[in-house]
Each structure stands twice: as C-alpha cells, then as structure tokens.
2 protein chains.
Amino acid sequence: MNRPVTLKDIARETGVHVSTVSRALDPNARTSLTREVVERIRTTAERMGYRPNRLASGLRTKRTMSIGLMIPDIENTLFPPIVRGAESVLEPAGYTSIIVNTDSDRKRETKLVDVLLERGVDGIIHAAPYRSDPRMIEVARRGLPMVTVNRQIENCDIPAVVNDDPGGIAMMLRYLHENGHRRIAHIAGPKNLSTGRARIEAFRATAQELHLDLPDEALVVSDYFDEQEGRRCTMQLLDSGAEFTAILCANDRLALGAFDALRRRGLSCPEDVSVTGYNGIPFLDLIPPGLTTIQIPQFDIGRIGAELLIKMMADPDVTIPRTTILPVKLVERGSVKHIDPA
Amino acid sequence: MNRPVTLKDIARETGVHVSTVSRALDPNARTSLTREVVERIRTTAERMGYRPNRLASGLRTKRTMSIGLMIPDIENTLFPPIVRGAESVLEPAGYTSIIVNTDSDRKRETKLVDVLLERGVDGIIHAAPYRSDPRMIEVARRGLPMVTVNRQIENCDIPAVVNDDPGGIAMMLRYLHENGHRRIAHIAGPKNLSTGRARIEAFRATAQELHLDLPDEALVVSDYFDEQEGRRCTMQLLDSGAEFTAILCANDRLALGAFDALRRRGLSCPEDVSVTGYNGIPFLDLIPPGLTTIQIPQFDIGRIGAELLIKMMADPDVTIPRTTILPVKLVERGSVKHIDPA
DNA sequence: AGTATTCATGCAATCGATTGCGCAACTTTC
DNA sequence: GAAAGTTGCGCAATCGATTGCATGAATACT
C-alpha cells in the first residue's frame, strides 16, 4: 500500500515548515499566514491528494471526532431510524459513530464501554440503558459527555431524550375508552427499563382517572419487549379468567405476539379482542388487521440526542435539560373495534 | 475529565521503563521478560485501571483495528443481519466497525470512503456496491484489504461473498412451473447492480430451459429495489396487456409493492396472480398472504465476508476466492397458487 | 536613521505506544 | 578465571499532527 501523503510531504514540496502547512490547512489558524502561502500550500495539498491522519491529530488534540452509539440490537427495527436520526447531525458535523450492539446484556455493555473508551470517543449516545446503570453513571461523572435516548437512567443527571410515555399511554387508553372498551388488559414492559415502568404507571393512573376496573389478573408484566413474551403474556391473560375486550400492549412487538396468541387460540382481532401497540415500527400497516399504535418520533429522538451531545462536547459546562420529552401521536388502524360499553 | 492512565504512569509506579511496561502488556513480546516483572506490571496496570490508547498504538503500528462497513441504508431490513454477521467475527477479533450509510449515492460514497481512509481503517466491507465502481477498485488496488458482500463489483479482483442468484432464481421459476404456471412475468432489479443483472439473466436462461414464452411486455426492469418501484412496475405489467398468472419479483420489496398494486387494482394474490420475492427479509410471514421467497443467508454473508477480510488483513498476499457463493433456499408461503397449466 | 512594533514563519516539544538496538549483568564453557 | 554467549531491560527514535514560543524580516514611528 503506497504511503499516504503527510504534512511533511507537503512541507518538503512547498519548501516551508510542517507547522506552517498545518496552519495553512486549519481554517482557524489560517489567519496569521500570508494569503499567498496559504493558497500555495492548499493547492499542492489538493494536488498531492492529502488526507489528514485523524489518529495523529486525535492523539495530539485529544479529540477523535468520533462518538459511541450503544443500541441493544440493530436488527430490532426500532433502532435503525434512531441511528439515522443521530447520524443526520453527527456526520455533517464531522463526527463518525461507532455503533455497538449490547444485546441488553450488562456484561457485554461493560465490555463495550471499555472498547469505546479505548477508542477515545468524544461522547456516547446510549439508546437503551437500564433504569439503573452505575457503570454508565460513573463514566459520565468522570467527564465523558453522554446522553441517553429512547430510555433513561434514573437517579443521575445524564440528559435523556425520550418520547412522551405518559401522554402516549393516556391517549391510547382514552381512545379505547372512547371506543366503548371498559375492561382493558395491559401487557406491561419489563420493570427494569424506564419505558416499561413509565408506561405501566401511566396505564394505572389513566385507568383510575377513567374509573376503569383493573383486576390484578388483567395486568401482566413481560420480561422482554419481544413477540415471544407478547405471546406468553397473552396466553396468560387468556388463561387467567380475566375478562377483557381489549389488550393495551406496552410496545408493538408484544402486540404482534398478542396477535399470534389470539390466532392460535382461535380468537380474532379485533372481532373478539382489540389490541394496541406502542412505538410505530415499520411494516405494521401491512400486517392485518393493522396495529393501532402510538407513533414515536424515532428519527427526531436520535437527531435531538445527537444535537445535545454535540453541545455538551463543545462546552462541558453547558446546561442541558435533564429530560427532553418529544410528542407522540396515535395512528389508527384496524386492531381496535368500536363496541357498546358493557 | 480525569486523565486516563498511561504506560508512563505504570512505569513510574513500578519503577521500570515505559518500554518494559509495553512489552509486559503485549502477549507476544512478553517472552523476553522475567515472569516476575511481567506479573508485577500486569497487576499494577490492572489496579490502576489501565486502558490502552488505541489512537497512539494505531499511529505507531499503522493498524487501527477498525474496519469500514459500507451499507446503503441501515433502515433497509436486508442489512442489519448482514451487519451482525460481520460483527459476530470482527468484535471477538478485537475489531471495531465504522458503519456508514451510502444511500446508494455515488457522491456520498466517495466522501464516505475518504472518511474511512482518514480514520485509517484496516479494511473495508462494502455491502452494496454498484457493478461498476472505479473509486473502490482504486482504493483496493492501492492495497487496502476489501471485500464486497451481498453484491459484487465487476471487472476487478475484489473478493465477493454473494448468494446463489442463478440458483435461487432457477429454483423459484421451476417452482412456479411445477405449480402449473406457464405465463410468468418478471419484475427485474436495477441493471446497475450485480444482483439485478444476475437475476434477470438467470430468469431468462431458466425460462428458456423450461420453454416458457417470454414476451417483452412481461419483463419490466425497476430503477430501485423498493416498494414504490414494485408498485409502478406491477401497474405497468397490468397495463401492458401481457397475460400472466404469476409475477416473479427480483426482491421482496418489489414483491410487497406488487401486493399493493394488485390490491389497488382489485386483484387478489394468489387467487388472481401469484407473486414471489427474493431475499427473505423479516416480517414477510406476517404479511398476508405470506410471500413465497428465496431465503438468502444474510448473517452468513456478513460473517464470511468478515472472515475473509480478516484473513486479507493478516496477510496481504493470501489467496482469496474471487467469489464465494452461498446457498439459498426456497421458503413456501401463501403467495403462489397451484393451477392447471393453461 | 534608529528603534519599536507587528507579522509571518520556523523550532521543538508533545500526545501515548511501539520497537530496533545496545548495554550491563549473569551464566556457561574450557 | 577469562572469553564467549545469553538474558533482561533501558534508550531513544518514531508514527503524523498540533501549538506555545522564538526569531528574523518588514513596517511604522519618532
């Protein structure tokens, strides 16, 4: 592989010192040089095909212009739009992101944080932390700019960009209520995730406001946000003897699992049971009967998270809101049936 | 942010020279040191929480232990499994990957290659190159290890890991034939992509083998591999006056678009027209009537691509097969109807 | 004209880790 | 016991870019 062109090469070619070349190529330092010298250096740099060595400059300046992006799993369709949202601001700003998949495994997460630290990332965006995460808090406290998006870590001051969970759940529950549903079951998300917790609390609060009866059997908590758990929890609801005309699921994948469980039990949605989801992942419109869900602004969550991070990296003392809550909207499809209140 | 621990710190602490510390921590060089010294250094390194600075070592060794992973769009569900397949071997090997989304835009692609080069990646995996791509060829020729996966660049010796396009298309066309279909339309992929081209050629060849009549109107070439194009091409087929009982689509997204177009025209699949896809992206089983498609081994494509790249990076002169072809399989769902041959 | 001031550029240290070479101390050999 | 060989570690250069300080030349000022 033929050696890349360095500042030294350009210096030799133009007959100036390497530091002059460095300054000529730096938009900030260029002021103190002769317009003519700058021009000469820039054109020969161009001609020689110079590409700065980010490693070297990063070593000296302690800024790598790269950030770590931690997600649970890129195959989970919730995350790619968040990633693109983040990159939509990082890339134009000259940042490069190192994406790591944690598989929601704490051991892996710890190891991956170390990997990011070794690579000298200038900041971290964590798209799916646990509610409690001492390691991340420690890293943030040591001074590494960090934001969480989609979920948040509790009892710390790491800025978070999240969707309006309470608002979205309340909206959905009211929607079911307006459509005549009175006995509504809930498949909640894992309790160790901020979204799981926020949604179940919102469900309880709104149910109370609406004077809905909420027997214990009508609420089942999942261990993971996935189809298999949705299936299992739905089966459990069905077997519990609880009576309900609708199931409000804490996310879309749980709802997809519910679809499947109902089908297996010979029940049809929405004829026998209405089902709702949360998040608004892709393809939902193509899967019958069409999942009525809460659409969260995935792209914007990523975008705004990255914007905040960039601010923090530029000025470590800047004040950032602890929580930025983005609005959601209800998208009506076919999985909810209008019924006469029992 | 408190300063990270460096070799120098450990050297001071243990009273040895920094070079000794470096050797003690390097599994390869450790042989020439006293077992006792190595032990002492390693424990204090551990105690002080030492993390090597990859920038510094990369600068010196010219190996960054990072690779570039170029994909068109992480939101396209075809690619995340490929990414995870690649990472399944890169991560354990100590490599970190920088993922960039090209949006299949040549300008962006050129810029992004430069970004990767500046970051000093040790190699590149390109998951969606154009058939012709002088820039990538040039970069590879300059000595940067590179493989393409999923698609390939023509007229060059960059190793490629692809699925068996001819085999898959032949398998599918035969399957339609066995199910009684004789007049079969084809929505082909873009001609500037190797997969688009390979599939249309395979379609033609197999059609001839089976003595199928293939009027010009029954073959339409899409501009992009997406739903919108699938819709447009299907409309065009419908309007052309061509008679057909089935449409073989060059990929799943085109097929999804075909589903939609048929529905809009009041036709039902598979009753009126059978439809088949290619790739086997997620959720297809949930979308009625269930797309019969060719499942390609996405994860393995990524995995094997990364394995080859690692070999190339370890030894630039190693011989790698120009093309590695992975087997595919047909997955039968509900979108093909068995009919009596006309 | 001589000195003060400004300006453009060079010098050299630095970031943290790696590595070829050399040297001192120790062991082996006859 | 001296020469030869081995072993364990230190020295210093190096990777490429950045940057505070120094320096020499040009300009301004009295």
Side-chain angles (χ1 to χ4, degrees), chain A residues 1-42 44-45 48-66 94 117-122, chain B residues 1-42 44-45 48-66 94 117-122:
Chain A
M1 180 154 38
N2 52 15
R3 205 174 53 75
V5 179
T6 71
L7 288 189
K8 204 189 283 183
D9 298 324
I10 302 174
R12 193 180 321 110
E13 188 78 7
T14 54
V16 300
H17 193 264
V18 46
S19 64
T20 306
V21 180
S22 172
R23 282 187 261 258
L25 265 25
D26 176 357
N28 304 318
R30 208 183 306 167
T31 50
S32 74
L33 298 197
T34 313
R35 173 183 299 277
E36 174 210 9
V37 173
V38 170
E39 204 46 45
R40 186 156 51 94
I41 292 175
R42 304 201 73 208
T44 70
M48 297 176 75
Y50 172 72
R51 294 267 121 219
N53 181 327
R54 296 271 182 182
L55 283 196
S57 78
L59 178 60
R60 175 67 221 242
T61 62
K62 304 214 173 291
R63 297 191 70 208
T64 57
M65 294 304 283
S66 67
L117 258 24
E118 286 181 10
R119 298 335 261 215
V121 293
D122 296 337
Chain B
M1 183 153 39
N2 52 15
R3 202 174 54 76
V5 179
T6 70
L7 288 190
K8 204 188 286 183
D9 298 324
I10 302 175
R12 195 181 319 111
E13 188 78 5
T14 54
V16 299
H17 193 265
V18 47
S19 63
T20 306
V21 180
S22 173
R23 282 187 261 258
L25 266 24
D26 177 355
N28 304 319
R30 211 183 301 167
T31 50
S32 73
L33 299 195
T34 314
R35 174 183 297 277
E36 174 210 10
V37 172
V38 169
E39 203 46 46
R40 186 156 53 93
I41 292 175
R42 302 201 76 207
T44 69
M48 297 175 74
Y50 173 71
R51 295 268 121 219
N53 181 328
R54 298 274 182 177
L55 283 196
S57 77
L59 179 60
R60 175 64 221 243
T61 62
K62 305 219 174 286
R63 297 192 69 208
T64 57
M65 295 304 283
S66 66
L117 257 24
E118 287 182 10
R119 304 328 268 213
V121 293
D122 296 337

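Below, read A as the first sequence line, B as the second, and so on, with proteins coming before strands; counting in each chain starts at 1.
Of the candidate nucleotides C:dA17, D:dT18, C:dA8, C:dA17 has the atom lying nearest to any side-chain atom of B:Ala56. Listed nucleotides D:dA17, D:dC9, C:dG16 differ in distance to B:Leu33; the shortest reach to its side chain belongs to D:dC9. You'll find that the side chain of A:Thr20 is closest to C:dT9, out of D:dG8, D:dC15, C:dT9. Counting only heavy atoms from C-beta on, A:Ser19 has its side chain closest to C:dG10 among D:dA17, C:dG10, D:dG10. The side chain of A:Arg23 approaches D:dG20 more closely than any other nucleotide in the set C:dA17, D:dC11, D:dG20. In the set D:dT19, D:dC15, C:dC15, D:dT19 carries the atom at the smallest distance from any side-chain atom of A:Thr61. If you check C:dA17, C:dG16, C:dT14 against the side chain of B:Ser57, the one that comes closest is C:dA17.
The residue B:Val16 sits close only to the backbone: its heavy atoms come under 4.0 Å of sugar-phosphate atoms, none of a base.
Residue B:Asp122 comes nearest to B:Lys62 through the heavy atom pair OD1-O, 4.2 Å, listed as atom of the first residue, atom of the second, then distance. Scanning all heavy atoms of the two residues, the minimum distance from A:Arg42 to A:Leu25 falls at CG-CD1, 4.1 Å. The two residues B:Ala56 and A:Leu59 make their nearest non-hydrogen contact at CB-CD1, 3.8 Å.
Nucleotide C:dA8 holds its C1' atom 15 Å from the CZ atom of A:Arg35, rounded to whole Å. Atom pair B:Arg54:CZ and D:dG16:P shows a separation of 20 Å (rounding to whole Å applied). Summarising the geometry, the separation between NZ on A:Lys8 and P on D:dC15 is reported as 5 Å, rounded to the nearest angstrom. Rounded to whole Å, atom C1' of D:dT18 lies 11 Å from atom OH of A:Tyr50. When the P atom of D:dC15 is taken as reference, atom CG of A:Leu7 falls 13 Å away, rounded to whole Å. Computed from coordinates, the A:Leu25 CG to D:dA17 C1' distance equals 11 Å when rounded to whole Å. One atom, CG of A:Asn53, and another, P of D:dT14, lie 17 Å apart when rounded to the nearest Å. To the nearest angstrom, P of C:dG16 lies 10 Å from CG of B:Leu55.
Contact annotation: B:Ser22 does not reach the phosphate of C:dG16 (side-chain N/O to OP1 or OP2, under 4.0 Å). Considering only side-chain N and O atoms, B:His17 lies under 4.0 angstrom from the phosphate OP1 or OP2 of D:dC11. Look at B:Lys62 and you'll find a side-chain N or O under 4.0 angstrom from OP1 or OP2 of D:dG16.
Distance check, rounded to the nearest 0.5 Å: CD1 of B:Ile10 to OG1 of B:Thr44 gives 5.5 Å.
Put simply, the side chain of A:Asp9 does not reach to within 4.5 Å of the side chain of A:Tyr50, judged on heavy atoms.
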